[in-house]
Amino acid sequence: MARVRTEAKREAILETAAEVFTERGLEGASMSEIAKRLGGSKATLYGYFPSKENLFVHVSLRVVGKEVIPMLASLPERANEDPRQVLLDAGRHLMARVSDRNATNAYRLAVAHGRAGNLGRIFHDTGPGQGAKLLAAYIEAATKAGRLSAANPNAAAYHLRALLESETAYRLRLQLEAEISPEELEETIARAVDVFLAAYSPKTTSSDTTIASRDDEAPEQAVTASAALQPESSEL
């Protein structure tokens, strides 16, 4: 008789697995221990998740789904606000999760076992891919509001993500450092947002520049014209 999978059971497995992974880490945790605490069998676990690595990735991305995805989904509501502040807020939320040790380990597993159980695709679609779609929705909305200028919001979203991760994420993933200080992370986020805005802020048109130039010259021209109308002084 085929086992019936339920969302409640899946959530219970993820919850229990999160506890075990937190206590013992990826290497120290086992499917046997998770099954024991869950009160079921390893066969049940494998019915939902084909490997410990697959389960770990889902556990890590579950936190992203609860904490980051709702925030990103609300960004289009801020399309008319200062984009620098909006992107700084989004960057802080994203990088807090990307810099997390579990997220870093999940990324390594997705790279190492990308073809095993389609883990690479699962990681991308559940984590970075979903985040990029939501960022693109904000960028598109901000472009329509005149706050940004992105012909391809999807590409712009990946550019933003790459900029945010460029100074820190790879250092963590390659284990060059154990962690990044909050102060340094804040500085790197600000630099990333500024570079992004340099590329995607609305451009000033030549006609706008001409009008501004004419407006600047107007007072001087007025003074010159006024002087020309004055009669030349003569000695009495």
Side-chain angles (χ1 to χ4, degrees), residues 1-73 90 93-137 154 157-158 161-162 164-166 168-180:
M1 180 178 179
R3 294 185 177 88
V4 178
R5 298 183 185 181
T6 66
E7 186 60 27
K9 186 66 174 180
R10 185 177 185 276
E11 280 297 306
I13 292 172
L14 290 171
E15 190 71 35
T16 302
E19 295 175 359
V20 177
F21 285 131
T22 299
E23 293 173 11
R24 303 192 177 187
L26 175 60
E27 298 300 325
S30 68
M31 297 293 265
S32 296
E33 176 62 23
I34 295 170
K36 179 180 177 182
R37 294 196 190 187
L38 191 63
S41 65
K42 286 197 295 183
T44 299
L45 294 184
Y46 286 120
Y48 285 84
F49 304 97
S51 68
K52 182 176 73 170
E53 291 76 16
N54 183 289
L55 176 55
F56 181 81
V57 167
H58 278 88
V59 167
S60 300
L61 294 176
R62 181 170 174 258
V63 177
V64 174
K66 286 186 174 183
E67 297 182 5
V68 177
I69 297 304
M71 179 277 300
L72 293 179
H93 276 82
L94 277 172
M95 293 310 295
R97 296 306 333 153
V98 169
S99 303
D100 179 79
R101 183 171 299 177
N102 283 340
T104 300
N105 287 337
Y107 176 88
R108 293 194 193 110
L109 285 172
V111 172
H113 305 277
R115 294 185 179 181
N118 210 23
L119 195 57
R121 173 62 64 182
I122 291 170
F123 178 85
H124 174 268
D125 291 351
T126 309
Q130 188 175 3
K133 287 181 181 179
L134 296 174
L135 282 174
N154 291 322
Y158 277 101
R161 179 79 185 223
L164 288 169
E165 296 184 4
S166 62
T168 55
Y170 295 101
R171 286 155 56 190
L172 294 172
R173 291 165 183 168
L174 293 173
Q175 297 180 297
L176 302 180
E177 298 175 44
E179 61 182 19
I180 306 295

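One-based numbering along the sequence shown.
- Separation of atoms NZ (K42) and CE (M31) is listed at 8.5 Å; rounding is to 0.5 Å.
- Classified by interplanar angle (parallel below 30°, tilted 30° to 60°, perpendicular above 60°), the ring pair F56/F21 is perpendicular.
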> How far apart are the C-alpha atoms of R173 and V98, what are their side-chain angles, what is the distance that settles it, and do they pass the side chain to side chain contact (heavy atoms under 4.5 Å, CB included) test?
Replying inline: CA-CA 10 Å; R173 291 165 183 168; V98 169; 3.9 Å; yes
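- For R161 and Y158, the positive end is not near the middle of the six-membered ring at less than 6.0 Å and at most 45° from its axis.
- Within the model, atoms NZ of K52 and CG of L45 stand 12.5 Å from one another, a figure rounded to the nearest 0.5 Å.
- Here the CD1 atom belonging to I180 is positioned 5.5 Å from the OG1 atom belonging to T168, to the nearest 0.5 angstrom.
- Residue L55 holds its CG atom at 7.5 Å from CD1 of I13, rounded to the nearest 0.5 Å.
- Residue E177 comes nearest to L172 through the heavy atom pair O-CD2, 3.6 Å, listed as atom of the first residue, atom of the second, then distance.
- Minimum interatomic distance between A157 and A136 (heavy atoms only, all atoms of both residues): CB-N, 3.7 Å.
- The minimum heavy-atom distance between V68 and L94, with the atom names listed, is CG1-CD2, 3.7 Å.
- When all heavy atoms of F49 and H58 are compared, the closest pair comes out as CE2-CG, 3.7 Å.
- Pairing each heavy atom of A90 with each of L72, the nearest pair is CB-CD2, 4.4 Å.
- Summarising the local packing, NZ of K9 is surrounded by more than 12 heavy atoms from other residues, nucleotides or ligands at distances under 6.0 Å.
- Going from atom CD of Q130 over to atom CG of L135 covers 11.0 Å, rounded to the nearest 0.5 Å.
- Taking CZ of R171 as the reference point, atom OG of S166 lies at 10.0 Å (rounded to 0.5 Å).
- Closest approach of Y48 to T6, counting heavy atoms only: OH-N, 2.9 Å.
- The number of heavy atoms from other shown groups lying within 6.0 Å of CD (E27) does not exceed 12.
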